[in-house]
Structures are given as C-alpha cells and as structure tokens.
Q: 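After the structure tokens below, expect a handful of questions from me.
Because only heavy atoms are used, hydrogens play no part in the values below, and waters and symmetry mates are left out as well, while side chains stay in. Here is the naming used below: chain letters follow the sequence lines, and residue numbers restart at 1 for every chain.
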Amino acid sequence: MHVRTRIAPSPTGFFHIGTARTALFNYLFAQKHGGQFILRIEDTDKERNTKESEEDIYAQMMWLGYAYDEKYIQSEHLEEHTKLLKRLVDTDRAYVSKEEAKDGSGRMVEVVRLRNPGKTITFDDAVRGAISFDTTELKDFVIARSVTDPLYHFAVVADDGAAQITHVIRGEEHISNTPRQILIQEALELPRPIYGHIPLILMPDRSKMSKRKHKTAVKDYRERGYLPEAMNNFLALLGWSAGEGDRELFSLSELIEHFDLARVHKSGAIFNEEKLKWFNREYLLKLTQTDFATEALGRLKDALASRVSWDGERAQALLPILRERISLWGDISELANAGEFDYYFTPPQPEKARIPDKKSDSTTALAHLTETAIRLKNVSQWTPEGIKEALWSYAEKEGRGAVLWPLRYALSGKDKSPDPFSLAVLLGQEETLSRIQTACDILNE
RNA sequence: GGCCUCAUCGUCUAACGGCUAGGACAGCGCCUUUUCAAGGCGUUAAUCGGGGUUCGAUUCCCCGUGAGGUCACCA
C-alpha cells in the first residue's frame, strides 16, 4: 500500500503542542513507510480564520522539521465539495431540509442532512482495536449548511478521499466523530482509510490542553528557547515508546526508523515541562561550540546591552559557564535580567558585612585577602590551575571557606556564583587584583 | 446523563502469561576544590478495587470505581 497521511489544522489560533504531536506522528509514519505526508489547511470557518494563524502553521511545521509533500487548502476545493454534495442529494443519500435556524433568530433556513441508514459501524483502530458504534442515535445529521457550504465532517471525508489518504492518525477526541465520517464516506462510496487514534496530551491538572488556560502555542516554546530536536524527542515519547530498552534520546531520523503505530499508547499523557527541559539541556550540550556561541552571545547581548557596557571578548569567555548553567536559551535572558552576569562586566559593590566567611570576621578576611593579593600578583600562568596552585596550600592551612569565600565575594559581589578560580581567569589578573583591593578598602573603612 | 475510550512510582514509561516490577524526570541523601550550578553515587515511590481463567496474572475475561473524550447549522 502506498501510505499517505495528513495533518489538518484549522487556522484559528497559533499552532499548538497537541497539533504538533499529531503532525509528528503522521510525519513519522509516512516517512517510515516511504509514503507522503500532506498538510491540509482547514479554513472553512471564515469567521474565525486568520492569515496570521495560517502563517504560524507553516512557520512552526518548518521549525519542527516536518516537511510535507503536498499542501492542500480546503477552501480552494469548494467546487468539488459542491459537486459531491449535489450527487448525494440527487441520489437521495442526503436531502435538503427547510427548518428553523439554530441561532434563535426564528428565520427559516435550508440545511443538508445525510440519510442515515442507522446501522452499527465497526472500525478497526490501529492503536485501539475494534470500536463499534450504534449510529441510529445520530439520526439524519447535518453535513452542510447548503449544497455550496459544507460542514467539517463532510469536508474531512471529501478531502481525505480526494487526497487518497490511507491512514488517518489523529487525537482520540475524534473517536466519536469517526462513525459519522464513515457514514458519509460510505454514502460517497469512498474507500475507508485506516484510523489510528492517539492519546491526548493533558496538562498537569489532568485537564485537556486549553489555549486559554495553558501555554500551548509551539511558538511560545520556540521563543523561550527550546530546541526543535528536544521538542520532537519529548513529544514523540509522549504516548509512544520505541521499544529500545532504556534509551530515550532519538533524533528525528531515528524516530522515523523506530516508529510503529502498534507501540502507541492508549491513555493520555501529561505534558511535563521539567522533562522537556531535561531533553532540551541534553540537546543544548550536543551543540557545536560555534552554534552555541552564536545563539548564546546574541541572547546575552540583547539582555545585557542596557545594563552594562558590552565587552564581546569577555562575553566569549563566559560561554563555558553559560553552557553549564542553562537548560534553554531563555535562561540566559532570565539570568541576565536578574543581574547574574553584571559582575563579569562591571565591578560589583561588595557589602562590608558579607566579605568575611560566615565563621570568620573582617580582620581575618582582610588578612586573607591581603595575602591572596600578594600570591596572585606572582602568578605567571593565569589559568584556573595556576591560580589554584598559588592559593591552595594557603587555603588548606587557613580554612578553605575563610580564604576562598572573601575572594569569590570580592570578585562577584554575590552570595552565589561560579568558583573563584574561574572568575579570576575570566576577569583577568589586573581586574582581579583591583577588585581584591576594593574589598580591602571597604574592610578598612 | 447517553455513547465511546482508558487505567504500572508524583510524572513519562519498560516488562512472549513466568527472575527481587526495570529506566528516565522530579524529590530526598551523600560526595566532589568555600557558595551556586553542573557532575558522580545512593535512595524514597507504582501494577485502582473485587471476582474469575490458569501451576502461575501488571499482562486474558467479567463487574465495580475512577479519569478522559464526545454528544453543533465549530473545527
């Protein structure tokens, strides 16, 4: 069988996480079987469609790397829908009915209703097995506002038929839509695709993702600095497992290689951002020096430009520290805005009382800083090792905290920071000595 | 409420009907060159309940309970 799958978002809001996961599964399945993956824009709801939403679909699909083979705009196929609708009416599979409008206006309108044979529909779901529905309760349901104005269920069936979709992989909220779509399909004498209903993505409170209550737009995650590789890996493992033992890290092409509808789960999965962050960090760590530097420096400069005088060279030296500390790009801006990086560029203003180590006092701190300065003046190899060598025996003898805390605090002006050796290297010998001097002056006041 | 679907640590999940139910995230503890971060090591924690079938059920069947989905002239 020549596999053809599709993702059919409606451009009525930003492309969201749930749609992305459905797209991913469809993409993986099509790729796995050497088939085609089709993007269909379901834009029949003229009231709620926006161009912005449509653009967002393209942008995020591209970002996530779901290359589609064909694009299909539903509204451009109205003529075909009309033709099919007419045929259904002509063959008495459907009929036009005059009734009072549901909008409460009291006016009379015509709608097209399907003549429901009222039988039991059973379909074999690729992830859940056989599912049966008694369709009599559906009655003669409405399939179009008029012969020229099809509704969702009709358009879906007509378009899937036209595009020769072989596998309909979608969220489980569509399970109960399936029997009415099959009814339409049978009236249209279209072949039945294989259905596969994948579990929903739930929010931490077990509720369905809602655009109002939760951050669900892919765009938001992108802007906060998540990597597409991490998003894909995380999303793929939400409701599916590769059957590769304890392995969790998969690239997109590895996901394709392992993907199998039979291993898709049946129950909903909660979207856990902590785990996403973990994936993201893993992928951040895999980035090349250059790729990391480009993005990190850009983010850092944006956030810092208004706070300190920017020094590109010094920022460069900051990269290893950044890589160690962040889980996503947004962490850089967050840390920078919180003032975490200011002291690399501008001398801090240490508070007298905090210079000594907790178990020490100012007199001792002053003595240690003075000795530290003397020792550092003589360091010829200004590297973490060289600096450490100059201070270590002294620190061991006098107490590490007593010696190293004042130094680290003098250099950073912060209770929390990287270790004093790294800081000293970053600041350079001259600046390091100058900051120690400043701290000594403060202690002498 | 009717119909449909689902049920393993807090979360994501693994386990041809057969080892002490495994891993990851989070948590907790310890270690490491003061603090923070990272890292290393360790650890807490689960088969919804009740009946069957079976030599043996997380796994198969039934009932209950719970959760979710859906019941439009939206998609």
Q: Could you list the donor-acceptor pairs under 3.5 angstrom formed between side-chain atoms of residues 416-427 of chain A and any protein atom two or more places apart in sequence or on another chain?
A:
residue: A:Ser417; atom: OG; partner: A:Arg408; partner atom: NH1; Å: 2.7
residue: A:Asp419; atom: OD1; partner: A:Ser422; partner atom: OG; Å: 2.7
residue: A:Asp419; atom: OD2; partner: A:Phe421; partner atom: N; Å: 3.1
residue: A:Asp419; atom: OD2; partner: A:Ser422; partner atom: N; Å: 3.0
residue: A:Asp419; atom: OD2; partner: A:Ser422; partner atom: OG; Å: 3.2

Q: Is A:His174 near enough to B:rU5 that one of its side-chain N or O atoms lies under 4.0 angstrom from OP1 or OP2?
A: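 For A:His174, the contact criterion (side-chain N or O under 4.0 Å from OP1 or OP2 of B:rU5) is not met.
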
Q: Return the 5'-most residue of the pair A:Gly268, A:Asp246 with respect to RNA chain B, ranking by each residue's nearest nucleotide.
A: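 By nearest-heavy-atom nucleotide position, the 5'-most residue is A:Gly268.
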
Q: Give the nucleotide from the list B:rA15, B:rA26, B:rU11 with an atom nearest to the side chain of A:Arg206.
A: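 Nearest nucleotide to the side chain: B:rU11.
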
Q: Strictly below 4.0 Å: does A:His197 bring a side-chain N or O up to OP1 or OP2 of B:rU5?
A: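 Negative; the distance criterion is not met.
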
Q: Can you confirm whether the side chains of A:Asp56 and A:Ser53 place a donor and an acceptor under 3.5 Å from each other?
A: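 No pair is found: no donor N or O on one side chain lies under 3.5 Å from an acceptor on the other.
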
Q: Whether the side chain of A:Arg6 engages the backbone of A:Ile165 through a donor-acceptor N/O pair (distance < 3.5 Å, no angle test) should be reported.
A: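 Such a contact is absent between A:Arg6 side chain and A:Ile165 backbone.
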
Q: Where the side chain of A:Lys416 is defined as all heavy atoms beyond and including C-beta, which of B:rU35, B:rA14, B:rC6 is the nearest nucleotide?
A: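 Among the listed nucleotides, the one closest to the side chain of A:Lys416 is B:rU35.
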
Q: Write down the distance between CZ (A:Arg180) and C1' (B:rC4), rounded to a whole number of angstrom.
A: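 Interatomic distance, CZ of A:Arg180 to C1' of B:rC4: 12 Å.
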
Q: Check the pair A:Phe259, A:Phe25 against ring-ring contact (aromatic ring centres under 6.0 Å, His included), reporting the backbone distance first and the verdict last.
A: CA-CA 8 Å; A:Phe259 192 73; A:Phe25 281 23; 5.2 Å; yes

Q: Of the listed nucleotides (B:rC4, B:rU11, B:rA75), which one gets closest to any side-chain atom of A:His153?
A: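 That would be B:rA75.
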
Q: Among B:rA24, B:rU70, B:rA38, find the nucleotide with the atom closest to the side chain of A:Glu324.
A: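 In terms of side-chain proximity for A:Glu324, the closest of B:rA24, B:rU70, B:rA38 is B:rA38.
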
Q: At under 4.0 Å, does any side-chain N or O of A:Arg263 touch on OP1 or OP2 of B:rA15?
A: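 Checking A:Arg263 against B:rA15: at least one side-chain N or O falls below 4.0 Å of OP1 or OP2.
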
Q: Are A:Ser241 and B:rA14 close enough that a side-chain N or O sits under 4.0 Å from OP1 or OP2?
A: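 For B:rA14, OP1 or OP2 has a side-chain N or O of A:Ser241 closer than 4.0 Å.
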
Q: With a 3.5 angstrom cut-off on both distances, give the Watson-Crick or G-U wobble partner of B:rU43, or none if there isn't one.
A: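 B:rU43 is paired with B:rG27.
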
Q: Using Watson-Crick or G-U wobble geometry with both distances below 3.5 Å, tell me the partner of B:rA7, or none.
A: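 Here B:rA7 is engaged in a pair, and the nucleotide opposite it is B:rU65.
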
Q: For the side chain of A:Arg145, counting heavy atoms from C-beta on, which of B:rC74, B:rG39, B:rU35 is nearest?
A: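 Selected nucleotide (nearest to the side chain): B:rC74.
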
Q: Taking the minimum atom-to-atom distance to the side chain of A:Ser10, which one of B:rC3, B:rA75, B:rU70 wins?
A: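 Given the options B:rC3, B:rA75, B:rU70, the side chain of A:Ser10 is closest to B:rA75.
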
Q: Under 4.0 Å from OP1 or OP2 of B:rA75: is there any side-chain N or O of A:Thr44 that close?
A: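 So the side chain of A:Thr44 is within the cut-off, an N or O lying under 4.0 Å from OP1 or OP2 of B:rA75.
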
Q: Partner lookup for B:rC60, please. Criteria are Watson-Crick or G-U wobble with both distances under 3.5 angstrom; report none if nothing qualifies.
A: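 Answer to the pairing question: B:rG52, which forms a Watson-Crick or G-U pair with B:rC60.
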
Q: Using a 4.0 Å heavy-atom cut-off across all strands, classify A:Ser412 as base, sugar-phosphate, or nothing.
A: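 Contact class for A:Ser412: none.
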
Q: Confirm from the modelled atom types if A:Arg325 and B:rC36 form a donor-acceptor pair under 3.5 Å, side chain to base only.
A: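 Check passes, donor-acceptor contact within cut-off.
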
Q: Ignoring hydrogens and geometry beyond distance, is the side chain of A:Lys275 in donor-acceptor contact with the base of B:rA24 at under 3.5 Å?
A: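 Check passes, donor-acceptor contact within cut-off.
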
Q: Measure from the side chain of A:Phe421, starting at C-beta and using heavy atoms only, and say which of B:rU35, B:rU11, B:rU33 lies closest.
A: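 For A:Phe421, the side-chain atoms sit closest to B:rU33.
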
Q: Can you find a side chain N or O atom of A:Trp405 that sits less than 4.0 Å from OP1 or OP2 on B:rU34?
A: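 No.
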
Q: Who is the Watson-Crick or G-U wobble partner of B:rG17, with both distances under 3.5 Å?
A: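 Per the H-bond distance test, none.
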
Q: What's A:Arg281 touching, base or sugar-phosphate or nothing? Going by heavy atoms closer than 4.0 Å.
A: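 The residue A:Arg281 makes sugar-phosphate contact but no base contact.
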
Q: Mark yes when over 12 heavy atoms from residues, nucleotides or ligands other than A:Glu396 sit less than 6.0 Å from its CD; otherwise mark no.
A: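 Check passes, neighbour count above 12.
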
Q: Counting side-chain heavy atoms from C-beta on, which of B:rC73, B:rU70, B:rU34 comes nearest to A:Leu151?
A: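 Taking heavy atoms from C-beta onward, the closest nucleotide is B:rC73.
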
Q: Does A:Arg408 contact B:rU35 through a side-chain donor or acceptor facing the base, at a distance under 3.5 Å?
A: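 Indeed, a donor on one side and an acceptor on the other fall under 3.5 Å apart.
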
Q: Quick one about A:Tyr95 and A:Asp140 (side-chain donor to acceptor, distance below 3.5 Å, no hydrogens or angles considered), yes or no?
A: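 Yes, A:Tyr95 and A:Asp140 have a side-chain donor paired with an acceptor closer than 3.5 Å.
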
Q: Looking at B:rU13, B:rC73, B:rU11, which one has an atom nearest to any side-chain atom of A:Asn272?
A: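 Nearest to the side chain of A:Asn272 among the choices is B:rU11.
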
